[in-house]
Number of protein chains: 2
Amino acid sequence: MHDLGKNGNKRDANRENILKIAREIFSKYGFKKTTLDDIANAVRKGKSSLYYYFNSKEDLFQAVIMKEVEILAHELEIVINRNTDPVDKLRDYILTKLATFRNLANFYHAIENDITAVGFIDEVKLKYEQDEIRMIKRILIEGVRKNEFEIYDFNLAAIGITTAIKGLEMPLTAGHYGDVNLERSVDIILKIICYGIMKR
Amino acid sequence: MHDLGKNGNKRDANRENILKIAREIFSKYGFKKTTLDDIANAVRKGKSSLYYYFNSKEDLFQAVIMKEVEILAHELEIVINRNTDPVDKLRDYILTKLATFRNLANFYHAIENDITAVGFIDEVKLKYEQDEIRMIKRILIEGVRKNEFEIYDFNLAAIGITTAIKGLEMPLTAGHYGDVNLERSVDIILKIICYGIMKR
DNA sequence: ACCGGACAAATAAGCGTTTTTGTTCGAATG
DNA sequence: CATTCGAACAAAAACGCTTATTTGTCCGGT
């Protein structure tokens, strides 16, 4: 009895499985250092079988990144749809995002140095940034509707908050100096943001 | 007629000159790629003469970084002591800092990859961060005195603003994707910050 | 204050050999 | 028809080794 994929066929299930395992290996060793043999062994298939599912090593890597972004987007979607206080929602959003970032240090390194398809990466980043602004805006709008926030320019506020979040990401992606207390940092930046948008 | 250094003697003047030229070369080629010969030629001295002024290549590099930090601190000090509106002062502070960062991409790379004296770098960063918080706090205090800001926890506000600024630095230091409109970004983040601290 | 010369250590360059690795393809399996 | 893989292969990378060059550092002399 094998797992069945989204569409119920074995192919998709296998594809998902490869993706899952490749993700682990890529995130551990980066793009250059992991070999297709590594992945093939891990999924208990022949190396050439991988080509039944993906066109190339880089193609596989891109698929992994793609899925990573999808998963993150999905998790954030859940956070956003929870019925919580707007401020808590903002905090949860930031924490969820940062938690994901913690696991992606090697991906970042790979993206910066190993990958040739720069266009693809730019595309993903851009898409994600737009998603982020959209999601933040939704939180803000809800906050206003619940009479907790007071915002005149949603676009501006969303972009500002996005930038502030970037400031939190930095110590996680670029060689971190000493362990960062995530919760504490988030609380501080959140306070500043809230100063700005809370009704009083 | 040669320039004379701070203390009027030739030694200090030469040291300063070496520092100035070494800075240019280091910032262009990074730490590993620049050789002492490069620098010696540029300052029109023999390679061994450099050892009259510095103990080692890394020592020279550290001195360059140190000076860089000093210059930045000095420039920021000037900005802070100007008699301007607090919000403008905050904007000038951020812009001045980011402008300096633009020129330091190679330094950053060197610091991340080439340098063995990690302790030294950590020290510099820490010192700078503390300075930054102190300077931001001074701006905030002045803003409150001028009755433009309304702040309950200066420490918290200063740390928050520092984090937000980091979000602006990121696209400058970590491989920038497309050119960033600095002034615009600063205005946006400034707006968010000001939302939070302005009296209304 | 400056430099030539010396030196070890590190780095690069050369080069034939071997191994690894990404990719293709046709055959096998069921 | 869907899936798997062995075998083959060129390109790349790793290796081992020798030789040449560069580079950071030190010292003695001026």
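A note on names: the letters A, B, ... follow the listed sequences, proteins ahead of strands, and every chain is numbered from 1. Below, each value reflects all heavy atoms present in this structure, side chains not excepted, and no hydrogens, waters or symmetry copies.
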Can you name the nearest heavy-atom pair linking B:Ile94 to B:Ile165, along with the distance?
->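 Residues B:Ile94 and B:Ile165, closest heavy atoms: CG1-CD1, 3.8 Å.
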Whole-Å distance separating the [atom1] atom of [X] from the [atom2] atom of [N]:
X       : N      : atom1 : atom2 : result
A:Asn14 : D:dT3  : CG    : C1'   : 8 Å
A:Tyr52 : D:dC5  : OH    : P     : 13 Å
A:Lys10 : D:dT3  : NZ    : P     : 7 Å
B:Asp38 : D:dT22 : CG    : C1'   : 11 Å
A:Asn17 : D:dT3  : CG    : P     : 14 Å
A:Ile18 : D:dT4  : CD1   : C1'   : 11 Å
A:Arg15 : D:dT3  : CZ    : P     : 12 Å
A:Asp12 : D:dA2  : CG    : P     : 12 Å

Selection residues 87-97 of chain B - residue pairs positive for salt bridge (charged side-chain N to carboxylate O under 4.0 Å, His left out), sequence neighbours left out |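 Counting only pairs at least two positions apart or across chains, the salt bridge (charged side-chain N to carboxylate O under 4.0 Å, His left out) contacts touching residues 87-97 of chain B are B:Arg82-B:Asp92, B:Asp88-B:Arg91, B:Lys89-B:Glu142, B:Arg91-B:Asp187, B:Lys97-B:Glu132, B:Lys97-B:Glu169.
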In terms of the angle between their ring planes, are A:Phe61 and A:Phe31 parallel, tilted or perpendicular, with boundaries placed at 30° and 60°?
->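 Rings of A:Phe61 and A:Phe31: perpendicular, over 60°.
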Ignoring hydrogens and geometry, is there a side-chain-to-backbone donor-acceptor pair from B:Arg23 to B:Ile65 under 3.5 Å?
->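 Side chain of B:Arg23 to backbone of B:Ile65, a donor-acceptor pair under 3.5 Å: no, none is there.
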Could you tell me whether the side chain of B:Asp38 and the main chain of B:Thr34 form a donor-acceptor pair under 3.5 Å?
->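 Judged by distance alone, no pair lies under 3.5 Å.
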For DNA chain C, which nucleotides open and close the run of contacts to chain A, 5' to 3', at under 4.0 angstrom from a non-hydrogen atom?
->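 Endpoints of the contacted stretch of DNA chain C: C:dT21 to C:dC25.
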Got a sec: does the NZ of A:Lys33 have more than 12 other heavy atoms crowding it under 6.0 Å?
->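 No.
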Which donor-acceptor pairs under 3.5 Å do side chains of residues 154-161 of chain A form with protein atoms, sequence neighbours excluded?
residue  : atom : partner  : partner atom : Å
A:Asn155 : OD1  : A:Lys137 : NZ           : 3.3

With [X], which residues qualify under side chain to side chain donor-acceptor pair (under 3.5 Å), at least two apart?
X        : answer
A:Lys127 : A:Asp131
B:Tyr53  : B:Asn14
A:Asn81  : A:Arg138
A:Lys20  : none

Partners meeting salt bridge (charged side-chain N to carboxylate O under 4.0 Å, His left out) with B:Asp85 (sequence neighbours left out) =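 With neighbours one apart ignored, the set is empty.
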A:Ser48: what forms a side-chain contact (heavy atoms from CB on, under 4.5 Å) with it, not counting sequence neighbours?
->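 Partners of A:Ser48 under the side-chain contact (heavy atoms from CB on, under 4.5 Å) test: none.
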pair B:Tyr29-B:Thr35: side-chain heavy atoms closer than 4.5 Å =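 A side-chain contact under 4.5 Å is absent here.
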Remember a base hit wins even if backbone is also touched, and classify A:Tyr53 as base, sugar-phosphate or nothing at under 4.0 Å, heavy atoms.
->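 Sugar-phosphate: the residue A:Tyr53, judged by heavy atoms under 4.0 Å, touches backbone atoms but no base.
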Relative orientation of the end axes in the helix from C:dA1-D:dT30 to C:dG30-D:dC1, expressed as an angle to the nearest 10° (five pairs per end) |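 The angle separating the two end axes equals 40°.
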Selection: residues 41-50 of chain B, any non-hydrogen atom under 4.0 Å of DNA chain C |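 Residues of residues 41-50 of chain B that come under 4.0 Å of DNA chain C are, in numerical order, B:Lys45, B:Gly46, B:Ser48, B:Ser49.
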Please tabulate, one pair per line, each protein N/O and nucleotide N/O from nucleotides 28-30 of chain D that are separated by under 3.5 Å, including the distance.
none

